[in-house]
Amino acid sequence: MAFGAMAKDAPKTPDEVAQPGGTLPGNPKIALVQIADGFLDPINVANAGDGSGRIFVVERIGRIKIVNKDGSVNEEPFLDLTSINPLGNDVQTGFVEQGLYSVAFHPNFAENGHFYVHYASLPFNGDGMIVRFTVDPESPDVVDADRANGTAKVLMRIEQPWYNHNGGQIEFGPDGYLYIGSGDGGWEGDPYEAGQDLSTPLAKILRIDVDVPDDADRPYAIPDDNPFANASSERLMVLFGITEEQFAQIKTRSLPEIWSYGVRNPYEFAFDQKTGDMFIAEVGQNHWEEIIFEPAGTAGRNYGWPRMEAAFCHPMTGDPAEDTDCSVVGTLPAAMYPHSAPYPGAPEDNTGGCSVQGFGVANYGGMDGVYLMGDWCSGRVFGLGHDGEKWQLQEMMQTGLQFTAGGYDEDGNVIAVNANNFYLADEGPDSNPPGQLWRVVPADEVPEGAVVAETVQ
């Protein structure tokens, strides 16, 4: 069967969830070619889709830098949130999981100049702010403080009870709506029980329509096909003549912004630029990292957290193969890999990572519909693809890099970001060693003289 010929979907049983050791069709080989360096804690990357070829790199401190098509980096930031507040930085960066998380450009950015950022707000004690800014067409490479304050439109503020698990990724989907990754609020184990609670935006993928007039009553609209768009609408109570399926659609406390739920910390996600399928790099708890697959247009899925950790019940108290009392809750991930610290009952030679960071979907160089991701601790790069029968998770290489994010350039190439920020020894977003930007290319297409990421033997 040809690669990708069969409709892909999530596994139905835990034993179908892919783990390292698989082989992608064609066994593709890749290399990481350096695009630019010198970034301070880079944690997100995007392109504007305006034909300029510019790449926008998000620095945790609150700045966005521009990399030009020739690889040069503009000295003056595109956006600098450290200078728009007269009291100082508007971004909370006191903990390594906080900061300016991501940037997303409106599909019609070339015409309207709108772009959106998600960041931890210092004035709001780390709450997540989704804010729209508008570029001055006379100054396309710099949004100064006056322009930022003059055009800022706050779409949403997500209250954060703790300083970790904030999610952070925002991205426009192929449908033109803005998707927002929101973590479970932090601490560990989801003490808020946000994952299964439809009344909170925490532990969710949210989906909103930003194309509303600036004088509208609210800064965004709810797409009609959001799964809970009308589930909490007030209505007359009817006891008889209603089917169980109709009753099941009533969720009196649900938020209409929710697209899917039961995620722990969806720090990075990406859409396949060919199919619109969605992949979520879901940062795991103590033992497993997972990669969620969502077919294009699939709404309302429950991904299990905190009842599930990857393909297993949470909390894990022993060898999952011997846990006969575990029943799957929600939709299983497409793939998972273990942490370097062995899970209960794991073999002693177990090796893995600590935090999955998604790059994007490769549709070039012998890879079609392959989701690429890296691990922040181990420097491993994995590829996840479907061979027509089942999911395959292949380790592509192991580097000495600390991966933090990924994205696309305007040609559809996948870009990887690495920072050198240290969880227990963070020197601060302006003091850690600089990070780099890398383009994923087929191993036999490395340009002559290019700087290539070294691999660990």
Side-chain angles (χ1 to χ4, degrees), residues 30-81 100 102-111 113-115 117 133-144 147 171-172 270 273 359-365 367 372 374 381 399 401-420 430 432-454:
I30 62 171
L32 299 180
V33 173
Q34 185 171 295
I35 300 172
D37 64 0
F39 304 103
L40 299 178
D41 276 14
I43 57 172
N44 186 249
V45 62
N47 74 80
D50 61 353
S52 67
R54 295 175 298 172
I55 298 172
F56 296 78
V57 181
V58 172
E59 294 184 328
R60 180 164 68 98
I61 188 67
R63 303 186 186 98
I64 300 175
K65 296 288 189 67
I66 289 179
V67 180
N68 298 299
K69 201 167 185 178
D70 62 1
S72 61
V73 181
N74 290 354
E75 183 175 346
E76 190 170 2
F78 171 68
L79 179 71
D80 188 353
L81 296 177
L100 173 57
S102 58
V103 62
F105 292 84
H106 193 282
N108 294 323
F109 171 76
E111 288 75 38
H114 297 331
F115 68 97
V117 299
F133 297 101
T134 305
V135 171
D136 182 348
E138 300 299 318
S139 178
D141 285 347
V142 177
V143 178
D144 62 22
R147 182 73 182 181
E171 188 76 35
F172 281 94
Q273 296 183 314
F359 298 164
V361 182
N363 287 301
Y364 57 88
M367 294 186 291
L372 296 168
V381 177
T399 72
L401 304 175
Q402 285 185 275
F403 296 112
T404 51
Y408 302 102
D409 63 19
E410 284 193 344
D411 294 325
N413 297 306
V414 174
I415 298 175
V417 180
N418 87 277
N420 293 290
D430 265 345
N432 292 319
Q436 296 78 35
L437 203 63
W438 307 83
R439 181 175 286 113
V440 181
V441 302
D444 58 359
E445 296 182 16
V446 175
E448 184 177 354
V451 177
V452 178
E454 295 182 1

ask   = Is there a side chain to side chain donor-acceptor pair (under 3.5 Å) between N432 and N420 once you walk through the steps?
value = CA-CA 6 Å; N432 292 319; N420 293 290; over 6 Å; no
query = Quick one: ring pair (Phe, Tyr, Trp, His ring centres under 6.0 Å) partners of H106, sequence neighbours excluded?
reply = F172
ask   = Could you state the interatomic distance from CZ (F133) to CG (L81), rounded to the nearest 0.5 Å?
value = 5.0 Å
query = Would you call V361 and V414 a side-chain contact if the rule is heavy atoms closer than 4.5 Å?
reply = no
task = Rounded to the nearest 0.5 Å, what's the gap from CG on N418 to CG on L437? Could you check?
result = 9.0 Å
key: Contacts of type side-chain contact (heavy atoms from CB on, under 4.5 Å), residue N68, not counting sequence neighbours   = R54, I66, D70, S72, N74
ask   = Taking only residues two or more places apart in sequence or in another chain, which ones pass side-chain contact (heavy atoms from CB on, under 4.5 Å) with A270?
value = Y371, Y408
key: side chain to side chain donor-acceptor pair (under 3.5 Å) partners of S139, counting only residues at least two apart   = none
query = Can you name the residues that form a side chain to side chain donor-acceptor pair (under 3.5 Å) with T399, not counting sequence neighbours?
reply = none
ask   = Can you name the side-chain contact (heavy atoms from CB on, under 4.5 Å) partners of P434, sequence neighbours left out?
value = none
key: Flag, side chain of E59 to backbone of I64, donor-acceptor distance under 3.5 Å   = no
query = With side chains defined as the heavy atoms from C-beta onward, is the minimum distance between N44 and V103 less than 4.5 Å?
reply = yes
key: Shortest non-hydrogen separation from E75 to K65 and the atoms involved   = O-CE, 4.3 Å
query = Could you give the distance from CG (D50) to CD (E410), rounded to the nearest 0.5 Å?
reply = 5.5 Å
request  = For the pair D411 (side chain) and N413 (backbone), establish whether a donor and an acceptor sit closer than 3.5 Å, ignoring hydrogens and angles.
outcome  = no
query = Hey, what do you get for CG (L372) to CD1 (I415), rounding to the nearest 0.5 Å?
reply = 12.5 Å
ask   = How many angstroms lie between CG in D136 and CZ in R147, if you round to the nearest 0.5 Å?
value = 4.5 Å
key: Pairwise ring pair (Phe, Tyr, Trp, His ring centres under 6.0 Å) hits with a residue in residues 51-79, at least two apart   = F56-F78, F56-F105, F78-F115
key: Shortest non-hydrogen contact between V381 and F359, atoms and distance   = CG1-CE1, 4.1 Å
Partners passing side chain to side chain donor-acceptor pair (under 3.5 Å) against D80 (at least two apart in sequence or in another chain) = T82
request  = Report the C-alpha separation of D41 and I61 in whole Å, then their side-chain angles, then the decisive distance to 0.1 Å, and conclude whether the side chain to side chain contact (heavy atoms under 4.5 Å, CB included) test is met.
outcome  = CA-CA 8 Å; D41 276 14; I61 188 67; over 6 Å; no
Contact summary for G412 and Y364, nearest pair of heavy atoms = O-CE2, 3.8 Å
message = Side chains of R60 and T404, heavy atoms from C-beta outward: is any pair under 4.5 Å?
response = no
key: Close side-chain approach of V58 to V45, heavy-atom, < 4.5 Å   = no
ask   = With a 4.5 Å heavy-atom cut-off, do V67 and F39 have their side chains touching?
value = yes
Between CD on residue E454 and CG on residue L401, distance to nearest 0.5 Å = 9.0 Å
Closest contact, heavy atoms only, V73 versus A36 = CG2-CB, 3.8 Å
inquiry  = Among residues at least two apart in sequence or on other chains, which ones pass salt bridge (charged side-chain N to carboxylate O under 4.0 Å, His left out) with D144?
reply    = none
message = Please enumerate all residues that pass side chain to side chain donor-acceptor pair (under 3.5 Å) together with D430, with sequence neighbours excluded.
response = R63
key: Sequence-distant partners of P447, side-chain contact (heavy atoms from CB on, under 4.5 Å), two or more places apart   = V33, A450
key: Partners passing salt bridge (charged side-chain N to carboxylate O under 4.0 Å, His left out) against R439 (at least two apart in sequence or in another chain)   = D409
query = Does the side chain of V417 come within less than 4.5 Å of P42's, by heavy atoms?
reply = yes
